Amino acid sequence: MRILITLVMLLHAVAGVSQLSLHLGHNYLRAQEWDNVMHYYNYARPWQDDELKPLSHGYDIRAGWIFRWKAIKSLYVHPQIGVRQFSTSANNNKEELFVRLRQYSIQCDVNFNPRALFHNVSAGPLGTRWFMFVSPSVQVWRPYVEQAEQAFYTEGDEEISPTNWSWSAALGVGYRAAMISKQFILSPKFGLRYTPKAELDDLVFAVQGGNPGALESIQRNLILIETGLEFVWIFPRTKSGKGYMKPCSNC
């Protein structure tokens with residue numbers, strides 16, 4: 001009950017100056033070192049019919065608030081929290097090897113229009129239709145591996161979840177494509193996210209059972225291709241420098 005009351009108070013406090021957002025997306029992970037772990041597993045077991053695919057395709061969901069920083073320059077700040085997940089599996093001789101990679105993130109997008117860097121623009125409650133964004137982020141990686149119904153990451157008789165931290169930065173574009181009932185705005189987005197270094201505890205041993213190929217569980221220069229659809233709830237009225245105004249229907 002206390003948590004619910006706190007959330008209601010927070011919603012009331014920010015409703016006048018921000019908009020609630022929800023992002024649903026698809027991610028393509030380019031991580032050569034981690035891919036090599038899966039490839040070597042298949043190479044070392046040529047007799048198996050079902051191959052273990054790399055952790056390439058995954059999904060993400062994020063929620064956040066869009067705050068107007070400077071409307072006349074189409075600058076908006078967009079803090080978000082989210083989760084991404086990638087998984088793969090191989091089933092041979094009635095024994096399944098399941099690998100899952102889950103990432104929890106805190107990021108803050110800064111939306112802007114390059115034209116607004118030199119000229120003032122006419123912007124609605126979310127800025128101009130076309131926009132770019134830069135997005136620094138911190139994230140926690142949590143791998144999970146299960147073979148023959150036995151989890152690899154355990155401590156005694158209890159299952160544990162390794163925690164590895166990293167940071168990243170992204171650059172992307174978006175388009176405010178449609179407004180529904182003058183209250184919800186849909187925006188497709190595309191971006192590239194770069195992580196200098198990320199590590200997954202004992203991934204090689206978890207998948208291989210050993211490390212005959214001298215592989216690494218550390219991934220450097222990780223690239224994440226992000227695509228998705230953002231839903232923004234435009235509150236009935238939004239504050240402006242001149243009091244209150246209704247959202248712009250064509251911005």
Side-chain angles (χ1 to χ4, degrees), residues 22-45 50-64 78 80-91 96-109 132-147 151-153 161-174 187-208 211 213-230:
L22 177 68
H23 178 95
L24 303 175
H26 172 269
N27 294 262
Y28 181 76
L29 181 66
R30 298 197 59 178
Q32 188 61 50
E33 296 296 333
W34 296 343
D35 288 352
N36 287 341
V37 177
M38 314 303 164
H39 291 317
Y40 193 88
Y41 173 87
N42 299 323
Y43 173 78
R45 297 164 178 82
D50 194 8
E51 293 189 345
L52 189 66
K53 297 180 180 179
L55 294 166
S56 298
H57 298 276
Y59 64 87
D60 76 303
I61 180 170
R62 299 194 303 269
H78 190 187
Q80 302 169 78
I81 58 174
V83 59
R84 294 184 176 92
Q85 181 164 299
F86 304 85
S87 63
T88 182
S89 64
N91 199 321
E96 183 183 32
L97 171 61
F98 175 74
V99 182
R100 182 186 68 211
L101 176 58
R102 188 171 290 168
Q103 181 204 85
Y104 299 95
S105 65
I106 300 176
Q107 68 184 61
C108 185
D109 297 359
M132 297 184 66
F133 63 88
V134 292
S135 175
S137 172
V138 293
Q139 51 264 331
V140 174
W141 302 86
R142 309 200 79 172
Y144 174 82
V145 180
E146 180 183 294
Q147 190 160 12
F152 174 82
Y153 297 104
S161 297
T163 300
N164 300 106
W165 292 83
S166 68
W167 67 272
S168 66
L171 178 67
V173 296
S187 307
K189 297 176 71 175
F190 173 83
L192 294 176
R193 183 168 297 278
Y194 172 74
T195 303
K197 179 181 176 181
E199 181 177 2
L200 303 179
D201 282 1
D202 295 326
L203 178 68
V204 179
F205 288 90
V207 175
Q208 302 277 6
N211 193 9
L215 302 174
E216 289 188 350
S217 298
I218 300 175
Q219 173 63 51
R220 297 174 178 83
N221 300 321
L222 183 150
I223 299 294
L224 193 65
I225 302 175
E226 304 174 331
T227 59
L229 188 63
E230 182 178 273

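Side chains included, hydrogens not; waters and symmetry mates left out as well; all remaining heavy atoms used. Because the structure is predicted, anything quoted here is derived from the model rather than measured.
Using modelled atom types, one side-chain atom of Gln208 and one backbone atom of Val37 make a donor-acceptor pair closer than 3.5 Å. The backbone N or O of Leu52 lies less than 3.5 Å from a partner atom in the side chain of Asn42, making a donor-acceptor pair. Between the Thr88 side chain and the Leu55 main chain, no donor and acceptor come within less than 3.5 Å of each other.
The neighbour count for Ile106 CD1, taken as heavy atoms of other residues, nucleotides or ligands under 6.0 Å away, does not exceed 12. Atom CD1 of Ile81 has 12 or fewer heavy atoms from other residues, nucleotides or ligands within 6.0 Å.
Considering every non-hydrogen atom in both Tyr153 and Ala206, the closest pair reads OH-CB, 4.0 Å. In plain terms, the two heavy atoms of Ser135 and Gln107 that are nearest each other are OG-NE2, 3.4 Å. The shortest non-hydrogen separation linking Leu171 to Met132 is CD1-CE, 4.0 Å. Among all heavy-atom pairs drawn from Ser217 and Asp202, the shortest one is OG-C, 3.9 Å. When every heavy atom of Pro196 is checked against every heavy atom of Trp167, the shortest pair comes out as CG-CZ2, 3.3 Å. Scanning both residues, Leu215 and Asn36, for their nearest heavy atoms gives CD1-O, 3.9 Å.
Residues meeting the side-chain hydrogen bond (donor to acceptor under 3.5 Å, both in side chains) test with Gln147, sequence neighbours left out: none. Listed by chain and residue number, Glu146 satisfy the side-chain hydrogen bond (donor to acceptor under 3.5 Å, both in side chains) test with Tyr144 (two or more places apart in sequence, or in another chain). Among residues two or more places apart in sequence or in another chain, the salt bridge (Lys or Arg N to Asp or Glu O under 4.0 Å) test is passed with Glu216 by Arg220. Take Asn221 and apply the side-chain hydrogen bond (donor to acceptor under 3.5 Å, both in side chains) test, not counting sequence neighbours, and it matches Tyr194. Legend: residues meeting side-chain contact (heavy atoms from CB on, under 4.5 Å) with Ala31, ordered by chain and number and at least two apart, are Leu29, Trp34, Gln219, Leu222. Partners of His26 according to the ring pair (Phe, Tyr, Trp, His ring centres under 6.0 Å) rule, which considers only residues two or more places apart in sequence or in another chain, are His57. The side-chain contact (heavy atoms from CB on, under 4.5 Å) test applied to Ser161 returns Arg142, not counting sequence neighbours. In this structure Asp201 satisfies the salt bridge (Lys or Arg N to Asp or Glu O under 4.0 Å) test with no other residue, sequence neighbours excluded. Applying the side-chain hydrogen bond (donor to acceptor under 3.5 Å, both in side chains) test to Ser168 and every residue at least two apart in sequence or in another chain returns Gln139, Arg193. Every residue was checked against the ring pair (Phe, Tyr, Trp, His ring centres under 6.0 Å) condition with Tyr59, not counting sequence neighbours, and none meets it.
Counting heavy atoms from C-beta outward, Arg100 and Gln85 have side chains that approach closer than 4.5 Å. The closest side-chain heavy-atom distance from Val207 to Phe152 is not below 4.5 Å. Residues Asp109 and Val134 are not in side-chain contact: their nearest non-hydrogen atoms beyond the backbone lie 4.5 Å or more apart. When side chains are defined from C-beta on, Val204 does not count as touching Tyr40, because their heavy atoms never get closer than 4.5 Å.
The distance from atom CZ of Arg84 to atom CZ of Arg102, rounded to the nearest 0.5 Å, is 14.0 Å. To the nearest 0.5 Å, the span separating CD on Glu51 from OG on Ser89 amounts to 13.0 Å. From Leu24, atom CG reaches atom OG1 of Thr227 across 11.5 Å, with rounding to the nearest 0.5 Å. The OG atom of Ser87 sits 9.5 Å away from atom CG of Leu101, with the distance rounded to the nearest 0.5 Å. Phe86 CZ to Tyr28 OH: the interatomic distance, rounded to the nearest 0.5 Å, is 10.5 Å.
The stretch residues 22-45 participates, sequence neighbours left out, in no salt bridge (Lys or Arg N to Asp or Glu O under 4.0 Å) pair at all. Screening residues 55-64 for salt bridge (Lys or Arg N to Asp or Glu O under 4.0 Å), with sequence neighbours left out, gives Asp60-Arg62.
Checking Trp141 against Ser166 by side-chain atom types alone, a donor-acceptor pair falls below 3.5 Å.
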### Task
Tell me, with the steps shown, if Leu22 and Glu230 meet side-chain contact (heavy atoms from CB on, under 4.5 Å).
CA-CA 6 Å; Leu22 177 68; Glu230 182 178 273; over 6 Å; no

